[in-house]
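Have a look at the structure below before the remarks.
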Amino acid sequence: MFESITDKISNIFKNLRGLGKLSEQNISEALGEIRSALLSADVNFFVINNFIQRVKDQCLGQTVLQNVTPEQQFTKVISDELIALLGNETAPELSSKRPLKMLMVGLHGSGKTTSTAKLAYFLKNKAQFSLPLAIGCDIYRPAAIDQLEILCQQAKIDCYVDRDSKDAGKIALFGLKHGKENGHDLILFDTAGRLQIDENLIHEIKDIADKIHPDEVFLVADGALGQEAANVAKKFHEAVPLTGIILTKLDGDSRAGAALSMKEVTGIPIRYMGTGERIEALEIFHPSRIAQRILGMGDVVSLVEKAQEQVDEKQAKELEKKLRKGKFDMNDFLSQLQSIKKMGPMESLVKHLPGMHNANIDSEANDRVKQTEAIIYSMTPRERSNPGIIDGSRRLRIAKGCGLSVQEVNALLKNFKQMQTMMKKMKNSRSALASLLGM
Ligand code: GDP
C-alpha cells in the first residue's frame, strides 16, 4: 500500500543529516521534496499547501529536546501532520441502534457491492452484529444483483433481492420490512452506481434515504482515483449527508492521494479501507497506523514522544514556580495551550469542568484555542512577556495581524489579566486556563 510515496518519503529522511536547530532555511529543501512526493501521490494542491504551512509552523515552534536530534523532531512533526491529514482519530463506534441501517452509495466500479458484503462479513465476525442482511437496490444491472448474491453466499450473509421491481425505493422499503420481520440487526442497502454523478442517480439515492432513514451513509470510493475521490465524495455529500467513506483498492500500488486529501477536502472521515478482492479484505481505517506505514519511522516517533513527555514534566514544574511568583506571561500561556492540545480532544478535558456537557464543545473549544493562539502569535516577543504594554494601537495591530476583531483581542487580554490574578490563588493551572478560554 502507498509504496511509491513511502519510498520517496523514506529517501527524504535518509538524506536529512545534521540539520541543527530547526529553522525555515534548513527544512526548506526537505519540505520541497515532501511537497513533490505529495504532488506525485496526487494529493490535492490546497491540502499540500496547508500541510506544508502547518509543518513549518510546528517546526519553528519546537522546543529543543535533549537526546533527540532535530531530524528526529522534524520526523515527528511530519508524522503528526500526516495523521491529522488522514483524520486524526479513528472514527467513532457504530451506533447501538437495531436494526442499524447502512446506505452504501458510490460510482459504478468503485467496489460498492463488494464492500457491502465485506462490511457485513467484517461486522458479523467482530461479533458486533449477529444477523446482517444485504439488500440489492440496483435495478439497472441484473449482474450486480447476481454478484451481491454470490458474495453474500461466500460471506454467509442473508440477501434480499427483487428482480422484477423497477423501483429502487420500494425494494429498499420492502427489504427493510423483511429485515425487521426476520430479526436482522444490521441492514445494508447496496444501491446502483453510474459512471459519473448525475441527476437520476442522486434523485434515486435521495428517494431511498427518505424512505429508509439510514443511520450510516457510506460512500464507497475507489482509492486509485487519487484526489478525484475527494471531489466525488463532496458531490455525494451535498446530495445525501455522508457519515463515512470506505476507500477501496488500497492494495497494490494505489497512490495515497485519495486517503490524504479526503478528510481535509470533505471533512468526512474515512471509516474503512478495502485492501483486496477477497471477502476478508476490509479493515478499519486507523490514521496513525497509515501515517506510520507512509513514513515508516515508528521508532523515531516514539523516541521523540518520550523526550517531549520529559520536557512537559519539566515545563510543568517551571510553570508551578512562575505561578507561585505571579510571573505567568503570554509565552507560558501559549506553551500551556500547546500542551493541552497535545492531550488530545478538548472534549474529554472540558467535560470535567462544571456545567460543560454540551455536545459541540469539542469544535467550539478547538476554535477558541486556535483563535487564542493566533492572537498570541501576532504579538511581539516583548508584548508576550509584558502584556501590560499592549495599548490601543498595539491591540489594533495585533487584531489586523491575526485577522480577528479588536474586541476579541481585548477580551483575551481582559481574561488574561483576570486569570493572572486567579492563578496566584489557584494551584490548578488547567482550570484557570479553561476559564480564560471562556469554557
Ligand atoms: P460496484 O460497481 O461499485 O458495485 O463495484 P464492485 O463491487 O463490482 O467492484 C468492482 C471491482 O473492484 C470488482 O472486480 C471487485 O472485485 C474489485 N474490488 C472491490 N474492492 C476492492 C479492493 O479493495 N481491492 C481490489 N484489488 N479490488 C477490489
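All ligand and atom numbering here is 1-based and tracks the order in the structure. This chain uses plain numbering: 1 for the first residue, then up along the sequence.
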Taking only Lys NZ, Arg NE, NH1 and NH2, and the carboxylate oxygens of Asp or Glu, determine whether [X] and [Y] approach each other closer than 4.0 Å.
X	Y	result
K76	D80	yes
K124	D185	no
E216	R271	yes

Closest protein heavy atom to [atom], given as residue, atom name and distance to 0.1 Å:
atom	result
atom 3 (O) of ligand 1	K112 N, 2.7 Å
atom 2 (O) of ligand 1	G109 N, 2.7 Å
atom 18 (N) of ligand 1	K249 CE, 3.9 Å

Exercise for review: Just jot down the ligand 1 atoms closer than 4.0 angstrom to any heavy atom of T275, in number order.
Suggested key: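 By the 4.0 Å cutoff, the relevant atoms are 23 (O).
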
**Study point:** Residue G274 vicinity, atoms of ligand 1 by number, heavy atom under 4.0 Å
**Key:**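 By the 4.0 Å cutoff, the relevant atoms are 23 (O).
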
Does [atom1] belonging to [X] count more than 12 external heavy atoms closer than 6.0 Å?
X	atom1	result
E29	CD	no
K166	NZ	yes
K211	NZ	yes

Check your understanding: Just going by heavy-atom distances, which of V220, T248, T114, L107 is nearest to atom 7 (O) of ligand 1?
Key ->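 Going through V220, T248, T114, L107 one by one, T114 has the nearest heavy atom to atom 7 (O) of ligand 1.
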
Review point. Which one of R141, E277, Q147 has a non-hydrogen atom at the shortest distance from atom 27 (N) of ligand 1?
Key: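 Among R141, E277, Q147, the closest heavy atom to atom 27 (N) of ligand 1 belongs to E277.
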
Do any heavy atoms of [X] fall under 4.0 Å from ligand 1?
X	value
K118	yes
G276	yes
G106	no
A281	no

Are any of the N/O atoms on [X], whether in the backbone or the side chain, positioned under 3.5 angstrom from an N/O atom of ligand 1?
X	value
L250	no
G111	yes
D251	yes

Practice item. Test salt bridge (charged side-chain N to carboxylate O under 4.0 Å, His left out) on D57 and R54 and set out the steps. Key: CA-CA 5 Å; D57 292 346; R54 283 197 300 264; over 6 Å; no

Point to revise | Trace of the salt bridge (charged side-chain N to carboxylate O under 4.0 Å, His left out) decision for E149 with R163 | key: CA-CA 12 Å; E149 279 188 320; R163 286 189 165 78; 2.8 Å; yes

Review point. E204 and K170: salt bridge (charged side-chain N to carboxylate O under 4.0 Å, His left out), yes or no, with the steps?
Key: CA-CA 11 Å; E204 187 176 290; K170 277 195 182 147; over 6 Å; no

Review point. Backbone, side chain, both or neither: what part of M104 comes under 4.0 angstrom of ligand 1, heavy atoms only?
Key: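 Within the 4.0 Å criterion, M104 makes no contact with ligand 1.
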
Check your understanding: Under 30°, 30 to 60°, or over 60°: which ring-plane class applies to F416 and F333, parallel, tilted or perpendicular?
Key ->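 Correct class here is tilted.
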
